[in-house]
Protein chains: 4
Amino acid sequence: MARTVDPARYQARREAIIDAALTRFAADGFDRTTTASICKAAGIGSGTFFHYFPTKLSVLLAILDYGTKETSAWFSAQQGRTDPDEVIIDYVRHAADEATDPRVAGFIRAVGSLMADPDVAAALARDEVTVHGGLLPRVEAAQAAGRIRSEVPAGRLCAWVMVVLDGFLDRLIGELPFSAPAERDMLVDTVRRILSPSWPP
Amino acid sequence: MARTVDPARYQARREAIIDAALTRFAADGFDRTTTASICKAAGIGSGTFFHYFPTKLSVLLAILDYGTKETSAWFSAQQGRTDPDEVIIDYVRHAADEATDPRVAGFIRAVGSLMADPDVAAALARDEVTVHGGLLPRVEAAQAAGRIRSEVPAGRLCAWVMVVLDGFLDRLIGELPFSAPAERDMLVDTVRRILSPSWPP
Amino acid sequence: MARTVDPARYQARREAIIDAALTRFAADGFDRTTTASICKAAGIGSGTFFHYFPTKLSVLLAILDYGTKETSAWFSAQQGRTDPDEVIIDYVRHAADEATDPRVAGFIRAVGSLMADPDVAAALARDEVTVHGGLLPRVEAAQAAGRIRSEVPAGRLCAWVMVVLDGFLDRLIGELPFSAPAERDMLVDTVRRILSPSWPP
Amino acid sequence: MARTVDPARYQARREAIIDAALTRFAADGFDRTTTASICKAAGIGSGTFFHYFPTKLSVLLAILDYGTKETSAWFSAQQGRTDPDEVIIDYVRHAADEATDPRVAGFIRAVGSLMADPDVAAALARDEVTVHGGLLPRVEAAQAAGRIRSEVPAGRLCAWVMVVLDGFLDRLIGELPFSAPAERDMLVDTVRRILSPSWPP
DNA sequence: CATGAATGAGTCTTCATTCAT
DNA sequence: AATGAATGAAGACTCATTCAT
């Protein structure tokens, strides 16, 4: 009467596929990654892949979902904090640290070529909303507390924090030398400058 | 003895193909763009395409080259100027203005998935070197003149100007509302903040 | 846990493809044979073809290999014999009999146009070496026994036996009437004349 | 009022194309030879080619025709001779000498893959008929004079002389060492053996 | 559930031939 | 007559997905 063989084994395998796919997508991009290469990396047969995911695209969506959940969890974990401006900075640090996994930047790039796809667009929108939704209340609180500048609407400030983060991730695969750990402080400094209320005209 | 081919007509057609390819690449990404769709957009037969470019990839490289040349020309045109810090700001404005063409961001994304290709990597490296080579002397001059901060090496400052520019371009295709003209001033302000020598710790 | 794939079925299909390809190559030549026509003749889908052979050329190489193995086996089967000159004649008869398959001559012709290809050249060299390696010891033994002429080196005699065989195969597709069964005796007679020690100058 | 520019120039160009095509066909085979490569070898533009020949195939037919005419002329030149058996041998020598041009064997091979084409088949038939028509009367005369064997019909003897010639040409591109000049005597010897009336049963 | 053989739609690219100049 | 740009039909090969075992 066993429904599936073993729920734990099922989950483990599903995650193995996700992990393998993340690696392949990051290295080769979505279109140039074959389901066969994912299967090989995951150590499964080609048929098995489609037991876990109905299409190649669906794995990518699962990865995106995973990231969104992670972000959501991170912000939830900051619930009690009373230093909103530092939460923002910490998030930036957190995001920079995640970019230490060399697959992150590659994966982001892989997703880029799929922006036309409605499912991907929706997943990305959910992700952005999650980040935005995590940052916005802190930006508003920090503005209310006078700790960051207020002449720019909170939403727009959030967007610009994300601009810098995006650019930072982009650079990681660029040609010129630019490494996540070495530039992390500069990243934080830059965000601080963007948010800073004291600015000589 | 007809010398055949009007060189002007040849160039025009070549540029028509480049333009069509730029449009398609931007909209669909490199792999999802078929040579057939480029031909259709350019109004030529499938064989004609390969009279002008040996491979699909080669058009993309031509587009990159075109951009590099444009950048190079822009910096050359600023030769005589004596206000290095404003040249930097003007370049940022110039780049933002180019991003008004909605295809720019999409194309950049399309290129992203090809970073593994050595020819593309080389072309991108050339492009980055061009921008870097255009900015660096101005940053150094501005530092020497005490008009921007000097505690960060000139090269690193250049990189960070480019970080913000990259992030800005990325956002243009994002889901949340973010338009080039509306955010141009904020972009300039952000770059000024990054370069500013006076900033209270 | 089904071990899938019946190895026998796999082999059968592989041979069906080889057989279909042999037929098509013989009839149309290599370049004018489409993989589609092979698939159709073999009763398989276009994709299946490439599960068994990576390229169109590789099937042709497999056919050549098959022939080389067959020749090798034939000579092995003659191991115990003590009448070397008759082994030579029997090989000639054997080769003539194989040429009864009307596809043989056409296939040989198809291979001709690929001689420039290194893989084909290597396979043909292997084949020639096999025939040569099969004939040479018999020629030498027959010479030692004084049963065939000795004033011509053994290797050269082998080559001339092959000359006549090649020419024989060529004629089979010629325009003038020339059929394998009808000319078999003349072939044997011709080889005997070439090898004969007694011949008045 | 000039009809064509200059008949001599026209003929020269036509022959230049034939010569270039012979070279390319011999090296690459018919299908793998592009009209472009012929044009390049002939030093003409691609359009010019089709001023002289309506199709790629037609050049090949012209080459075959040229060979047939040459053979025909050779036999005509032997008209007065009274030693028919030596004419046969001389033709064999003549054919062997022509095979000194390394393109001959390659071209023959190239033609092989087109045997299915009716025009090519017809041209080849014409060629064979020419050779056959040149040899047959000499064989008959030699038989009547008792200088060659008579128990085999003249036509069949002709065919077997051609078998050996064909095989000889084939070997020239084979892998094992086999050169036209070195083996010419053996070729003549072989033909003599085939024709010889005196043969111990 | 797990497997991998089978499928065929889809794509880039080649090349003989045409035709305007 | 000579040119070479333009054309589009054709073909090898890839790969996501299905399905029998």
Side-chain angles (χ1 to χ4, degrees), chain A residues 2-6 9-10 13 31-39 43-59, chain B residues 1-7 9-10 13-14 31-39 43-58, chain C residues 1-7 9-10 13-14 31-39 43-58, chain D residues 2-6 9-10 13 31-39 43-59:
Chain A
R3 192 65 75 84
T4 58
V5 187
D6 172 0
R9 180 180 155 82
Y10 183 90
R13 221 156 200 196
D31 286 306
R32 300 171 115 78
T33 294
T34 64
T35 54
S37 81
I38 297 173
C39 294
I44 59 170
S46 68
T48 308
F49 179 92
F50 292 93
H51 271 303
Y52 289 84
F53 297 95
T55 63
K56 183 169 78 158
L57 184 61
S58 66
V59 205
Chain B
M1 260 106 177
R3 225 3 60 228
T4 47
V5 251
D6 179 355
R9 179 180 158 81
Y10 183 89
R13 212 143 206 207
R14 190 184 142 92
D31 287 306
R32 301 171 112 78
T33 294
T34 64
T35 53
S37 80
I38 297 174
C39 294
I44 58 171
S46 68
T48 307
F49 178 90
F50 291 95
H51 263 301
Y52 288 86
F53 297 96
T55 61
K56 184 169 75 157
L57 183 60
S58 67
Chain C
M1 260 103 176
R3 225 2 62 226
T4 46
V5 251
D6 179 356
R9 181 180 157 80
Y10 183 89
R13 215 148 204 201
R14 192 183 139 92
D31 286 305
R32 301 171 112 78
T33 294
T34 66
T35 54
S37 80
I38 297 174
C39 294
I44 59 172
S46 68
T48 307
F49 178 90
F50 292 95
H51 264 302
Y52 287 85
F53 298 95
T55 61
K56 184 170 73 157
L57 183 60
S58 67
Chain D
R3 192 69 74 85
T4 58
V5 187
D6 172 0
R9 180 181 157 81
Y10 183 88
R13 223 158 199 193
D31 286 306
R32 302 170 112 79
T33 294
T34 64
T35 54
S37 81
I38 296 174
C39 294
I44 58 170
S46 68
T48 308
F49 179 92
F50 291 93
H51 270 302
Y52 288 85
F53 297 95
T55 63
K56 184 170 75 159
L57 184 60
S58 65
V59 206

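Each chain gets a letter, A, B and so on, in the order its sequence line appears, and its residues count up from 1.
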Please determine whether a side-chain nitrogen or oxygen atom of D:Thr35 lies at a distance below 4.0 Å from atom OP1 or OP2 of E:dC15. no
Determine: side-chain N/O of D:Arg13 to OP1/OP2 of F:dA2, distance under 4.0 Å, yes or no. yes
Over all strands shown, is C:Ser37 touching base, sugar-phosphate only, or nothing at heavy-atom distances under 4.0 angstrom? nothing
How is A:Thr33 classified with respect to the nucleic acid when contacts are heavy atoms under 4.0 Å: base, sugar-phosphate, or nothing? sugar-phosphate
Write down the distance between [atom1] ([X]) and [atom2] ([N]), rounded to a whole number of angstrom.
{"X": "A:Tyr10", "N": "E:dA2", "atom1": "OH", "atom2": "C1'", "value": "13 Å"}
{"X": "C:Asp31", "N": "F:dA10", "atom1": "CG", "atom2": "C1'", "value": "13 Å"}
{"X": "C:Arg32", "N": "F:dA12", "atom1": "CZ", "atom2": "C1'", "value": "17 Å"}

Heavy-atom contacts under 4.0 Å between residues 46-53 of chain D and DNA chain E, which residues? D:Phe50
Return a table of donor-acceptor pairs under 3.5 angstrom between the side chains of residues 45-52 of chain A and protein atoms on other chains or two or more places apart.
none

All heavy atoms of D:Asp31 vs all of D:Lys56, minimum pair found to be O-NZ, 3.9 Å
Please report the interatomic distance OG1(D:Thr55) to CG(D:Leu57), rounded to the nearest 0.5 Å. 5.0 Å
Measuring from atom CZ of B:Phe53 to atom CD1 of B:Ile38, what distance do you get when rounded to the nearest 0.5 angstrom? 9.5 Å
Closest to side chain of A:Lys56, choosing from F:dA6, F:dT17, E:dT17: F:dT17
Stem ranges for DNA chain E, with three or more consecutive Watson-Crick or G-U pairs under 3.5 Å? E:2-21 with F:2-21
Closer to the 5' end of DNA chain F via nearest nucleotide, is it B:Ile44 or C:Leu57? B:Ile44
Listed by chain and number, what are the side-chain contact (heavy atoms from CB on, under 4.5 Å) partners of D:Ser37, not counting sequence neighbours? D:Arg24, D:Thr33, D:Thr34
What pairs with D:Arg13 under salt bridge (charged side-chain N to carboxylate O under 4.0 Å, His left out), at least two apart in sequence or on another chain? none
